[in-house]
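Positions are given from 1 along the sequence. Worth knowing before you read on, the calculation uses all heavy atoms, side chains too, and leaves out hydrogens, waters and symmetry mates.
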Amino acid sequence: MFELVQAQGSARIEDLSDHFGVSTMTIHRDLDHLHEKGVLRKVRSGAEARPSEAFEHDVRHREQLNTAEKDAIAASALAWVDQRVAMQAFALDDSTTAFHLLPLLRPRLPLTVVTNFLPAINALAAEPSARLTALGGDYNREFASFGGSAVVQSLSELHYDVVFMSVSAVARATCFHASRATADLKLAFMRSAELSVLMVDSTKFSRRAVHRIAPLADFDVVVTDDRLDPEEVSALRSSGVEVVLAPVDRPGSIADGGTHGGAAGSPS
């Protein structure tokens with residue numbers, strides 16, 4: 001079980017039970033034992049691996065995580081926006097969650113797209129009808145994205161209808177990141193948008209990071225998957241956060257735990 005959780009980043013108790021063919025009580029006991037040994041971290045929904053709080057998975061790894069959740073979140077986020085604005089220009093941050101919007105948006109081209117994420121830049125550069133604004137700055141090979149003051153400055157001079165973005169961690173109705181520079185960059189994306197759409201799978205609500213980005217109420221909508229704890233959903237809505245739950249079609253595979261286990265450093 002440890003090897004599986006370590007490889008996937010995290011896994012939910014129900015998925016582990018199905019995978020190993022044992023009861024959820026057995027999984028709970030095993031996770032308690034592994035947690036006490038310090039080899040993984042047991043959380044409310046399951047278990048997470050234990051890299052350091054500064055650890056970040058590279059983009060190739062993140063692209064393989066929670067794909068069903070990301071597809072569902074992307075579809076629900078776009079449906080929410082369609083009811084509110086005739087989108088002509090939008091921004092994507094360097095999250096693999098927001099990247100799942102591109103297949104849905106291709107039939108709508110021409111649109112103006114603003115992004116610092118190299119995979120999105122490369123994909124859109126091959127689309128003759130896409131009006132691409134590529135944000136350049138300090139290149140981070142691990143995340144395949146551009147950052148730094150040059151990107152923040154560029155964003156301050158732009159304006160677009162919607163920003164679609166993700167974060168690493170959500171706690172106390174606030175989103176966080178392990179990097180102060182990345183947190184500031186995400187704020188810059190929000191400030192240049194008419195509408196801010198936060199796209200986060202439910203595992204982000206069990207993660208922690210130290211640098212505050214913004215309260216969830218600062219977003220026009222928070223789109224997550226339908227596995228988020230109903231009590232959490234109710235609390236968020238009671239505090240004035242608009243929450244959209246995306247129904248996920250799960251083919252029975254072990255659900256991945258987002259960007260990494262226990263840490264909250266990567267963009268999505």
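Between the Asp94 side chain and the Asn116 main chain, no donor and acceptor come within less than 3.5 Å of each other. Here the side chain of Ser129 pairs no donor or acceptor atom with the backbone of Leu109 at under 3.5 angstrom. Put simply, the side chain of Ser206 gets close to the backbone of Thr203: a donor and an acceptor are under 3.5 Å apart. A donor-acceptor contact shorter than 3.5 Å is absent between the side chain of Asp201 and the backbone of Lys70. When atom types are taken as modelled, the side chain of Asp161 and the backbone of Phe90 share no donor-acceptor pair closer than 3.5 angstrom. The closest donor-acceptor contact from the side chain of Ser154 to the backbone of Ala150 lies under 3.5 Å.
We find the CD1-CG distance between Ile213 and Asp218 to be 11.5 Å, quoted to the nearest 0.5 Å. Atom CG in Leu111 sits 12.0 Å away from atom CG in Leu132 (nearest 0.5 Å). Here CG of Asp30 is found 9.5 Å from CG of Leu16. Values are rounded to the nearest 0.5 Å. Separation of atoms OG1 (Thr182) and NE2 (His211) is listed at 9.5 Å; rounding is to 0.5 Å. Going from atom CG of Asp220 over to atom CE of Met190 covers 8.5 Å, rounded to the nearest 0.5 Å. Within the model, atoms CZ of Arg12 and OG of Ser17 stand 14.5 Å from one another, a figure rounded to the nearest 0.5 Å.
Across Val223 and Ser76, no two heavy atoms sit closer than the pair CG1-CB, 3.9 Å. Between Ala98 and Leu92, the closest heavy-atom pair is O-CD2, 3.9 Å. The two atoms that bring Gly136 and Val151 nearest to each other are O-CG2, 3.6 Å, heavy atoms only. Minimum interatomic distance between Val152 and Ala188 (heavy atoms only, all atoms of both residues): CG1-CB, 4.1 Å. Scanning all heavy atoms of the two residues, the minimum distance from Ala178 to Ala209 falls at N-CB, 3.6 Å. Among all heavy-atom pairs drawn from Val241 and Ala217, the shortest one is CG2-N, 3.8 Å.
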Evaluation steps, side-chain contact (heavy atoms from CB on, under 4.5 Å), between Phe117 and Leu102: CA-CA 12 Å; Phe117 193 33; Leu102 285 188; over 6 Å; no
- prompt: Passes side-chain contact (heavy atoms from CB on, under 4.5 Å), Leu185 versus Asp93? Steps please.
  reply: CA-CA 9 Å; Leu185 181 58; Asp93 73 349; over 6 Å; no
task: For side-chain contact (heavy atoms from CB on, under 4.5 Å), just list the numbers for Lys186 and Cys175, CA-CA rounded to whole Å, side-chain angles, deciding distance to a tenth of an Å, and then say yes or no.
output: CA-CA 11 Å; Lys186 289 179 182 290; Cys175 55; over 6 Å; no
- request: Check the pair Leu158 / Leu135 against side-chain contact (heavy atoms from CB on, under 4.5 Å), numbers first and verdict last.
  value: CA-CA 11 Å; Leu158 297 174; Leu135 302 171; 3.9 Å; yes
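The list of salt bridge (Lys or Arg N to Asp or Glu O under 4.0 Å) pairs with a residue in residues 168-183, not counting sequence neighbours, reads Arg180-Asp184.
Val167 has its side chain out of reach of Lys204: every pair of non-hydrogen atoms, C-beta onward, lies at least 4.5 Å apart. Side-chain contact between Val197 and Trp80 is present, with heavy atoms from C-beta onward closer than 4.5 Å. Between Val81 and Met87 there is a side-chain heavy-atom pair separated by less than 4.5 Å.
When each of Val170, Val221, Val200, Thr174 is tested with Leu216 by the rule side chain to side chain contact (heavy atoms under 4.5 Å, CB included), just one qualifies, namely Val170. Tested against Ser202 for a side chain to side chain donor-acceptor pair (under 3.5 Å), the candidates Asp226, Asp225, Thr224 yield a single pass: Asp225.
Residues meeting the ring-ring contact (aromatic ring centres under 6.0 Å, His included) test with Phe146, sequence neighbours left out: Tyr139. Evaluation of the side-chain hydrogen bond (donor to acceptor under 3.5 Å, both in side chains) rule for Arg108 yields Asp82 as partners, not counting sequence neighbours.
Clustering ILVMFWY residues whenever any of their side-chain heavy atoms sit less than 4.5 angstrom apart, transitively, puts Val210 in a cluster other than the one holding Val43.
Relative orientation of the Tyr160 and Phe189 rings is tilted, given thresholds of 30° and 60° on the angle between their planes.
A salt bridge links Lys42 with Asp32: the distance from a Lys NZ or Arg NE/NH1/NH2 to an Asp or Glu carboxylate oxygen falls below 4.0 Å.
Atom CD of Glu231 sits in a sparse spot, with 12 or fewer heavy atoms from other residues, nucleotides or ligands closer than 6.0 Å.
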